[in-house]
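Encoded as structure tokens, the structure appears first; notes follow it.
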Number of protein chains: 2
Amino acid sequence: MGWSTDKKHQTRQRIVECAARLFTAKGFDGVSIDEIMQAAQLTRGGFYSHFASKEALYAEAITTAARLRLSARFPQGDFSDSECLSQLVTNYLCESHLHDEQPSCPLAFLTSDVAHQNDEVRGAYTKVYKKLVIYISQLMGESPNNDKVLSLTAMMIGGVAVANSLNDERTRLKVLQACDRMGQRLISSNNNEFSPD
Amino acid sequence: MGWSTDKKHQTRQRIVECAARLFTAKGFDGVSIDEIMQAAQLTRGGFYSHFASKEALYAEAITTAARLRLSARFPQGDFSDSECLSQLVTNYLCESHLHDEQPSCPLAFLTSDVAHQNDEVRGAYTKVYKKLVIYISQLMGESPNNDKVLSLTAMMIGGVAVANSLNDERTRLKVLQACDRMGQRLISSNNNEFSPD
DNA sequence: GTCTATAGAAAGATAGAC
DNA sequence: GTCTATCTTTCTATAGAC
């Protein structure tokens with residue numbers, strides 16, 4: 001790969017990363033191409049030499065946001081599977097997830113946004129979702145079709161999504177903490193009996 | 001109330017109900033005022049004699065959508081509390097919820113949409129959310145701050161929201177069914193021991 | 001490949017007749 | 001209160017210079 005194509009790749013990557021941050025924070029219609037290009041220190045005219053459309057960038061931004069928010073934070077080191085999962089849940093259902101400078105999880109922050117988009121965008125969202133489900137299922141030692149795997153994932157995404165829409169800081173925090181605690185109990189019930197009461 | 005003001009109220013109500021259906025289906029930016037007024041068999045010019053802005057209508061539409069989707073479907077009749085809750089969960093996490101002609105639940109379908117809106121809109125969303133939490137908590141015989149109440153609510157909303165964004169019909173169905181089953185187990189664990197494995 | 005400039009369309013909001 | 005007509009802004013996408 002020559003210098004010029006390498007340079008182009010870097011520029012393109014910078015655009016996608018800015019888009020990942022802006023889209024997850026403000027949604028598809030809340031961000032203009034101009035705003036994204038300015039954040040990447042470019043002008044809007046050059047956009048279409050990198051991407052076919054705003055939707056095409058959106059689809060890539062979803063994948064990149066998931067990588068920056070989820071994959072980059074998968075616990076590393078000498079932890080057991082259940083410890084990794086415990087950390088993942090707590091880290092996800094965390095108040096700072098709502099105000100982070102880094103891209104937030106597109107699964108929670110772009111849910112209803114993606115639902116109105118084309119197949120390319122929905123496909124990117126679905127791919128990210130399935131990847132998270134497989135990762136969680138491996139840590140739980142269960143099938144990706146397992147009820148606990150799928151309901152835990154839905155609770156995590158739903159908890160963050162709802163908290164992010166609420167007006168009331170106290171309620172926001174209560175939702176996140178309740179989901180975290182119930183998630184932890186669900187995880188530990190892999191090995192022990194689980195009695196919610 | 002005279003005939004003319006009554007007529008105005010009816011017209012206004014028709015606009016809000018059309019808006020509730022269209023907004024939950026296509027999101028805030030996916031629907032124009034013109035489209036809403038046409039659905040209500042009016043022209044766009046008259047809009048601002050009923051509402052101060054598109055956002056003001058959006059806030060009202062969220063409340064109305066919740067009434068049409070949730071309150072109207074609260075189980076009636078000689079059911080025990082846990083039977084009512086069981087029906088509510090199954091009815092909510094239902095495939096037809098995704099393609100209904102009636103307004104869908106704004107908590108699930110407008111999550112990330114609402115997150116980018118002003119205080120008026122977020123306040124309406126928060127009010128609807130709290131009302132659902134209180135209703136569920138009463139049926140569970142628990143405090144509205146209870147972990148099971150809040151996590152069940154998050155799982156329901158998250159399950160429907162994610163399913164609605166997925167590209168893949170089979171996965172959509174798997175998510176809904178898994179959340180329904182886990183919800184039922186969570187409910188029945190009020191009286192009995194709960195062992196997920 | 002990136003820039004400036006602009007075409008073209010869409011939509012929120014307003015004015016004024018009836 | 002509802003209509004037609006229009007103002008104004010915003011944004012996607014394109015054209016052409018460098």
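In what follows, chains carry the letters A, B, and so on, assigned in the order in which the sequence lines appear, proteins first and then strands, with residues in each chain numbered from 1. Predicted model only: the values in this text are computed from it and were never measured.
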What residue pairs, at least two apart or across chains, pass side chain to side chain donor-acceptor pair (under 3.5 Å) with a residue in residues 124-139 of chain A? A:K130-B:D168

Write down the distance between [atom1] ([X]) and [atom2] ([N]), rounded to a whole number of angstrom.
| X | N | atom1 | atom2 | value |
| --- | --- | --- | --- | --- |
| A:I15 | C:dG1 | CD1 | P | 11 Å |
| B:K8 | D:dT2 | NZ | C1' | 11 Å |
| A:Y58 | D:dT12 | OH | P | 13 Å |
| B:R12 | D:dG1 | CZ | C1' | 14 Å |

Sorted by chain and number, sequence neighbours left out, ring pair (Phe, Tyr, Trp, His ring centres under 6.0 Å) with A:H97 holds for A:Y92, A:F109

List in chain and number order the residues that pass side chain to side chain donor-acceptor pair (under 3.5 Å) with A:E120, two or more places apart in sequence or in another chain; answer none if no residue qualifies. none

Taking side chain to side chain donor-acceptor pair (under 3.5 Å) as the test, write out the residues that go with B:T63, two or more places apart. none

Kindly indicate whether the side chain of B:M182, heavy atoms from C-beta on, has any atom under 4.5 Å from the side chain of A:K148. yes

For the side chain of A:L42, counting heavy atoms from C-beta on, which of C:dC3, C:dG1, D:dT2 is nearest? C:dC3

Kindly list each side-chain donor-acceptor pair under 3.5 angstrom involving residues 157-166 of chain B, sequence neighbours excluded, with atom names and distances?
residue : atom : partner : partner atom : Å
B:S165  : OG   : A:T111  : O            : 2.6
B:S165  : OG   : B:A161  : O            : 3.3

Base versus backbone protein contacts along nucleotides 4-18 of chain C [heavy-atom cut-off under 4.0 Å; B, S, -]: B-B-----SBB----

